[in-house]
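In what follows, a single structure is set out as structure tokens and then discussed.
The chains referred to below are lettered A, B, ... by the order of the sequence lines, with proteins before strands, and numbering in each begins at 1.
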Protein chains: 2
Amino acid sequence: MATYSIPSGDSISQHHDAEIAPPETRFDRRLAQILKHATEVFYQKGYDGASMRDLSRASGISLAGMYHYFHSKERLLYLLQKDTFTTVIERLQRRLKTIKDPELRIRAFIFNHLGYFLANRKAMTVLSHEDEALNDDEFVAEIAALKREYYKICLALLDDYKRAKRLQFNSRTAVLSLFGMVNWVYTWHSTRHDPGAVRLSREMGDMFLNGISGQCRQPRRQKSISN
Amino acid sequence: MATYSIPSGDSISQHHDAEIAPPETRFDRRLAQILKHATEVFYQKGYDGASMRDLSRASGISLAGMYHYFHSKERLLYLLQKDTFTTVIERLQRRLKTIKDPELRIRAFIFNHLGYFLANRKAMTVLSHEDEALNDDEFVAEIAALKREYYKICLALLDDYKRAKRLQFNSRTAVLSLFGMVNWVYTWHSTRHDPGAVRLSREMGDMFLNGISGQCRQPRRQKSISN
DNA sequence: TAAATATTCGAACGAACGTTCGAACGATTT
DNA sequence: AAATCGTTCGAACGTTCGTTCGAATATTTA
């Protein structure tokens, strides 16, 4: 009855029901270790720049030994991106379940994203930055589906807010601007000098919500650039 | 008196005074062609993924012949990034010279960035995405200096606006959020389905300016995320 | 026209790449 | 004890990488 993962490159054990967390196979635990070390290497050198020899050295496993756990370097990146993205979405869904207020839901989205981003910076950087690195059609399609799902969730949050507050703005531009704000963080955020997730979420949340909440007194937009 | 560029890898002729545009050396024109083709290849395959053979094929020059124009693949990327970034900054400075109003200056910044971004998407994508690809200290330092200059310009624009409108916000977060908004565009913008530079600049400008212009009636910020 | 200089390229270099193979090892099962 | 199975690895495969070299060809200078 024990659901052993079949070796040679499957993702971390698909425990079809989410009953228990820790009881993984030795195989799964080892693969998870490899993914963790691979995150570090991909983060430092990029996907193309990182060699299988780099990855094996970081994991303390021989070059050939790596291929017991995944079929190819590309699949390793895929596993990494899928696990990371899935976790982000799961956490988000769990948070949203308890929140009704449209504004707070948007704030929860931002906080969820930034919080996970800053706590798992390397994995999220690899996810954001090595977006186009995959070539295999199946991999590309699956990650693209997660991206679309994430986009749709955020779009719905903004549309709810828009309806509740009777606002007018381009939802698509707003979503993607928000994604830009929160994803770009990986290029500049310094743990030492920059605010943590809580304050950063508040600042960006204030800014974004004010931004989409439109003109205060008189309508903006009269001013235009001459040339 | 003709200032011939010395072969073997110099940047496009440093015409110390910006007198005339077209009178370049044959060397310069050929190098410019190579840079143009290289932009396409780097855009498609990434810096690490693009081989010198790819680049030579795209340029219609033999593999060995490429090295007459630049010393290394890394230097080619450096030249590309430097030329692109320098052009963006020059254009910005020229625009800002004629604009006094703080809000319009910020709008000009956004329009300049997005306008150049959408018109030279491939070059700007390489600039944004291959940010960490350079290794040579001298190259890294020079591109980092341009980035800092660009950051400082934008920071000053926001501080001017803040002072003029007596606002309060974290300038650093605001600048970097704005950079995120406008730079992330390269990951999603579709020429067919998405607004052009003018409308996109207006939308993002409205959003950003409203965003930093703070609370309208009652102060936001009372609401907070429970957990 | 001859000499000098700038440009081009075929061929090859050593190094590094992702992946494969078969043998070995360890633990568990018969 | 023998057999099975999951795990590990050294060695090597064929390919591709960035770069170099020397000779050939244009182009400019004298």
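Across every non-hydrogen atom of A:L146 and A:I89, the tightest pair is O-CD1, 3.7 Å. Of all non-hydrogen atoms in A:M181 and A:M204, the two that sit nearest each other are O-CE, 3.7 Å. Between A:V41 and A:A58, the closest heavy-atom pair is CG2-CB, 3.5 Å.
Between B:A64 and A:I61, the one whose closest nucleotide on DNA chain D sits nearer the 5' end is A:I61.
Without hydrogens or angle criteria, B:R121 side chain to B:Y186 main chain gives a donor-acceptor distance under 3.5 Å.
Here D:dC9 presents its P atom at 10 Å from CD1 of A:I34, a figure rounded to the nearest Å. When the P atom of C:dT7 is taken as reference, atom CD of B:Q33 falls 13 Å away, rounded to whole Å. The distance from atom CE of A:M66 to atom P of D:dT7 is 15 Å, rounded to the nearest whole Å. D:dG6 atom P lies 16 Å from atom CG of A:L31, rounded to whole Å. Atom pair B:F70:CZ and D:dT20:C1' shows a separation of 14 Å (rounding to whole Å applied). Distance, A:F27 CZ to C:dG26 P: 21 Å, rounded to whole Å. For the pair B:Y69 OH and C:dA6 P, the interatomic distance rounds to 12 Å; values are reported in whole Å.
With D:dT8, C:dT8, D:dT7 as the candidates, the nucleotide lying closest to the side chain of B:R30 is C:dT8.
Ring centers of B:Y150 and B:F109: under 6.0 Å apart, within the cut-off.
Annotation: the terminal axes of the helix from C:dT1-D:dA30 to C:dT29-D:dA2 meet at 0°, where each axis is the rotation carrying the C1' atoms of four end pairs onto the next four (5 pairs per end, rounded to 10°).
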Determine whether B:T86 and B:D83 satisfy the following criterion, side chain to side chain donor-acceptor pair (under 3.5 Å), listing intermediate values before the conclusion. CA-CA 5 Å; B:T86 302; B:D83 285 3; 5.7 Å; no
Test A:E203 against A:R199 for salt bridge (charged side-chain N to carboxylate O under 4.0 Å, His left out), laying out the working first. CA-CA 6 Å; A:E203 287 181 4; A:R199 205 178 120 199; 3.1 Å; yes
Atom pairs under 3.5 Å, N or O on each side, protein against nucleotides 14-18 of chain D: can you list them with distances?
unit_1	atom_1	unit_2	atom_2	d
D:dC17	OP1	B:S51	OG	3.4
D:dG18	OP1	B:A50	O	3.3
D:dG18	OP1	B:K73	NZ	2.8
D:dG18	OP2	B:M52	N	2.7
D:dG18	N7	B:R53	NH1	2.8
D:dG18	O6	B:R53	NH2	2.8

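Ion pair A:D194/B:R172 flagged as a salt bridge, since at least one NZ, NE, NH1 or NH2 atom sits closer than 4.0 Å to an Asp/Glu carboxylate oxygen.
B:H68 has no side-chain polar atom (N or O) that falls below the 4.0 Å cut-off from OP1 or OP2 of C:dT8.
For B:K73 and B:Y47, the positive end sits near the middle of the six-membered ring, less than 6.0 Å away and at most 45° from its axis.
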